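What follows is a set of notes on a single structure, which appears directly below.
Atoms within each ligand, like the ligands themselves, are counted from 1 in listed order. None of these values were measured; they are calculated from a predicted model. All residue numbers in this chain count up from 1 along the given sequence.
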Amino acid sequence: MIIALGADHAGFKLKVFLSERLRELGFETLDYGAQSEAPYDYPDAAFAVAEAVSKGVARRGICVCGTGIGMAIAANKVRGVYAAACNNKEIAVISRKHNDTNVLTLGARIVSDETALDIVRTWIATEFEGERHESRIQKIHRKESDPGQRTNFQGKATICDHPLVQHKVSIIRNKNTSVKEFRELVQEIAGLMVYEVTRALPLAEIEVETPLEKTRAYTLEGKKLAIIPILRAGLGMVEGILRLIPNAVVGHIGLYRDPATLLPVEYYCKLPGDIAERDIYILDPMLATGGSASAALSLVKSRGGRRISLVSIIAAPEGISKVHEEHPDVEIFAAALDRHLNDHGYIIPGLGDAGDRLFGTK
Ligand code: RB5
């Protein structure tokens with residue numbers, strides 16, 4: 001395992017000590033400074049170590065300052081880095097088991113050299129427990145991918161308010177927009193939303209030979225994605241997404257509302273067999289009451305689906321709340337957040353019935 005080390009002036013000596021001990025233990029170490037006890041700003045070392053971990057140059061990072069605090073704050077600004085100041089062994093263990101930390105920060109003014117070494121050895125040897133901690137970690141991954149143009153709706157949904165998306169949404173809202181144009185625009189909006197929806201996907205490093213030299217490059221890691229439209233309106237978003245993710249597999253879920261109970265009833269469901277291993281995007285242009293979306297999510301989960309996002313174009317607060325309450329692990333994306341539902345369950349102002357407008361059935 002390659003371990004990146006960094007320190008400021010206060011942590012310099014402890015860093016040297018740890019680096020030597022780690023090499024004796026058989027680890028490869030990379031030194032990102034400081035190189036003496038002359039004043040050295042901790043963010044410089046923290047960023048260098050964190051970048052090394054984030055880019056996969058080192059598997060783990062260890063940063064030492066006076067307290068460990070400044071290093072943790074700075075390292076956590078780097079995407080893909082989860083740093084914790086652990087000045088005792090118990091916290092170091094939990095930080096691996098529960099939080100999957102990949103950078104450990106230590107306070108040279110808080111712990112002795114031997115205690116620090118004990119913490120480091122234990123931290124390196126402890127595995128992430130996964131399970132219930134996995135979805136929590138995923139939430140953090142997603143949050144850090146927030147590019148700024150995404151609005152967070154009370155922590156429950158991400159509204160993709162990119163100007164191009166908003167422009168196109170305003171056209172599909174217009175009741176005079178033709179079926180042809182509506183259909184094309186729904187696909188385009190779905191395609192534009194893909195950038196936001198897939199932002200947190202993990203990448204794997206590969207080597208590529210350009211016409212000039214060999215270089216590191218990044219490709220999507222893991223199994224191909226699965227997209228699952230809820231019939232029938234969800235079909236309107238499929239092509240737009242496949243244009244960008246042509247290798248995605250496509251499942252289908254058909255639900256109708258029982259006129260007596262008003263509850264969604266499944267009438268069709270065909271999902272990829274290996275759904276448990278894929279990132280899944282459930283598509284439904286209108287998130288109104290949230291009944292169908294929630295039922296579709298339960299169905300996908302009952303077949304083993306774990307990493308699931310719901311992608312809608314227009315969402316009502318009622319629908320977001322229902323899905324959020326019943327499936328807090330699912331991230332919701334929408335292009336617009338509307339006011340509320342009317343007495344017939346239509347989103348206001350909305351755009352009418354998306355299925356009818358897509359297929360010209362009204
Ligand atoms: C440097 O004196 C000190 O502020 C630094 O090492 C660290 O404790 C910051 O968090």
Subject >> Atoms in ligand 1 flagged as close to Arg109, the criterion being non-hydrogen separation under 4.0 Å >> reply: 1 (C), 2 (O), 3 (C)
Original post:
What protein heavy atom sits nearest atom 1 (C) of ligand 1, and how far away is it?
Top reply: His9 NE2, 3.7 Å
Original post:
Counting only non-hydrogen atoms of the protein, does one fall under 4.0 Å from atom 8 (O) of ligand 1?
Top reply: yes
Original post:
At a 4.0 Å threshold, what atoms of ligand 1 neighbour a non-hydrogen atom of Asp8?
Top reply: 1 (C), 5 (C), 6 (O)
Original post:
Looking at ligand 1, does any of its N/O atoms fall within less than 3.5 Å of an N/O of Gly70?
Top reply: yes
Subject >> Flag side-chain contact, heavy atom, 4.5 Å: Glu205 against Glu221 >> reply: no
**OP:** Taking all heavy atoms of Pro272 and all of Gly251, pick out the closest pair and write down the distance.
**Re:** CD-CA, 4.2 Å
Original post:
Is there a path of hydrophobic side-chain contacts, each under 4.5 Å between heavy atoms of I, L, V, M, F, W or Y residues, that connects Leu5 with Leu104?
Top reply: yes
Original post:
Quick one: which ligand 1 atoms are inside 4.0 Å of a heavy atom on Gly66?
Top reply: 5 (C), 6 (O), 7 (C), 8 (O)
**OP:** Could you pull out the closest heavy-atom pair between Lys322 and Gly290, with the gap in Å?
**Re:** CD-C, 3.9 Å
Original post:
So is Ala10 polar-close to ligand 1, meaning N/O to N/O under 3.5 Å?
Top reply: no
Original post:
Looking only at distance, does Tyr42 have an N or O less than 3.5 Å from an N or O of ligand 1?
Top reply: no
Original post:
Side-chain contact, heavy-atom cut-off 4.5 Å: Phe333 with Cys160?
Top reply: yes
Original post:
Would you call the rings of His98 and His133 parallel, tilted or perpendicular, where under 30° means parallel and over 60° means perpendicular?
Top reply: parallel
